[in-house]
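Each chain gets a letter, A, B and so on, in the order its sequence line appears, and its residues count up from 1.
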Amino acid sequence: MAPARAVVVPADRTARAEDREIDAVIAWFADEGRDLPWRHEGVSAWAILVSEVMLQQTPVVRVLPRWREWMERWPEPADLADAPTAEVLRCWDRLGYPRRALRLQECARAIVREHGGRVPHGEEALRALPGIGEYTAAAVTAFAHHGRAVVVDTNIRRVLARSVLGRPVPDRSYSAAERALATRSLPAEQGRSVAWNQAVMELGALVCTARSPRCELCPLKAQCAWVAAGRPAAEEGSRPRQAFEGTDRQMRGKIMAVLRQDGSSREAPLFALDAEDPARVRRCLESLITDGLAVRNGAEVRLP
DNA sequence: AAATCGGGGTT
DNA sequence: AACCCAGATTT
């Protein structure tokens, strides 16, 4: 399990070896990291927070255009707080999981109400905001406030699972042991910790990818436990994942697409979205209303 | 710990 | 057709 170099090496030599690994990854990022707009100098903490929420389960390429438009329309938390929610949901478009858009607006309102319109510092205060969980609080702390935080996203999980544990994929669920590993791996010095978080995340996105990792380009290839083990394949997925086709999630998406397009709709036409299963349409409609993503007035349904 | 919550590009 | 993506929230 543990990497070979963990075996009884003088503390100072271990430290220097780890420092070289860290520097190699940071240097790789300086050369190969993408020029993403939310990484630019002078981008506000709010803009970075928005990017992080949009990036929750949505790939970078799809976030880019939405983020640009969003920040142009609502550059400050107060702007989003005052926006019509229907417009917010339209601008969110097809980023997926539209509850994130709702929570982001609630987040903006909480920032205005409780923090004077400024993104608060500190992971505890950040986590208290709607839609901000462990990852996003750490990411905002690191990338917006340049603080030392244990950032663990899907990319970092994969890089650590492979390079340190020698495993092809991380576990399904995020464990305390995994958090401890990420904590141990984080450089002690603040500036280096920020660079490390950014660099490892990018390494996972560009090189140590889920499908076809490009190990030949990896700054960690010489000391990667997974490479050393001969890059063993992952076990076959024990459970087939739930298909998307035919799920409530898909139907909710279809209904939201209609509401974004038309602003409102009579209820009856929505049942044409699945003539085979009106109960499903009904169920999804009710759940959207419960979630605050749609409102009913009379025989019509519209965006909130 | 597991389920639920979109949507689309890649393989 | 399956897999994956800068996760959060609820149960």
J.: Just the rounded figure in Å: distance from P of C:dA8 to CG of A:Leu129.
T.: 12 Å
J.: Using heavy-atom distances to pick each residue's nearest nucleotide on DNA chain C, tell me which of A:Arg103 and A:Gly204 is more 5'.
T.: A:Gly204
J.: Can you tell me how far P of B:dA2 sits from OH of A:Tyr174, to the nearest Å?
T.: 17 Å
J.: Measuring only the P atom in each nucleotide, how far is C:dT10 from B:dG6? A whole number of Å is fine.
T.: 15 Å
J.: What is the separation between atom CZ on A:Arg172 and atom P on C:dC5, rounded to the nearest whole Å?
T.: 12 Å
J.: Would you indicate which nucleotide in C:dC5, B:dG7, C:dT9 comes nearest to any side-chain atom of A:Arg62?
T.: B:dG7
J.: What is the separation between atom CG on A:Leu293 and atom C1' on B:dG6, rounded to the nearest whole Å?
T.: 11 Å
J.: Wobble G-U and Watson-Crick pairs count when both distances are under 3.5 Å; given that, what is the 5' to 3' dot-bracket string of DNA chain B, with | for pairing to other strands?
T.: |||||.|||||
J.: For the P atoms, the ones on C:dA6 and on B:dT4, what distance do you get once it is rounded to whole angstrom?
T.: 24 Å
J.: Looking at the base of C:dC3, is there any donor atom on it, or on the side chain of A:Arg211, that sits under 3.5 Å from an acceptor on the other one?
T.: yes
J.: A:Tyr97 has a side chain; which of C:dC5, C:dA6, B:dC5 sits nearest to it?
T.: B:dC5
J.: OP1, OP2 of C:dC5 versus side-chain N and O of A:Thr154: anything below 4.0 Å?
T.: yes
J.: Just N and O in the side chain of A:Arg100: are any of them under 4.0 Å from OP1 or OP2 of C:dT9?
T.: no
J.: Report the distance from atom CE of A:Met71 to atom OG of A:Ser51, rounding to the nearest 0.5 Å.
T.: 9.0 Å
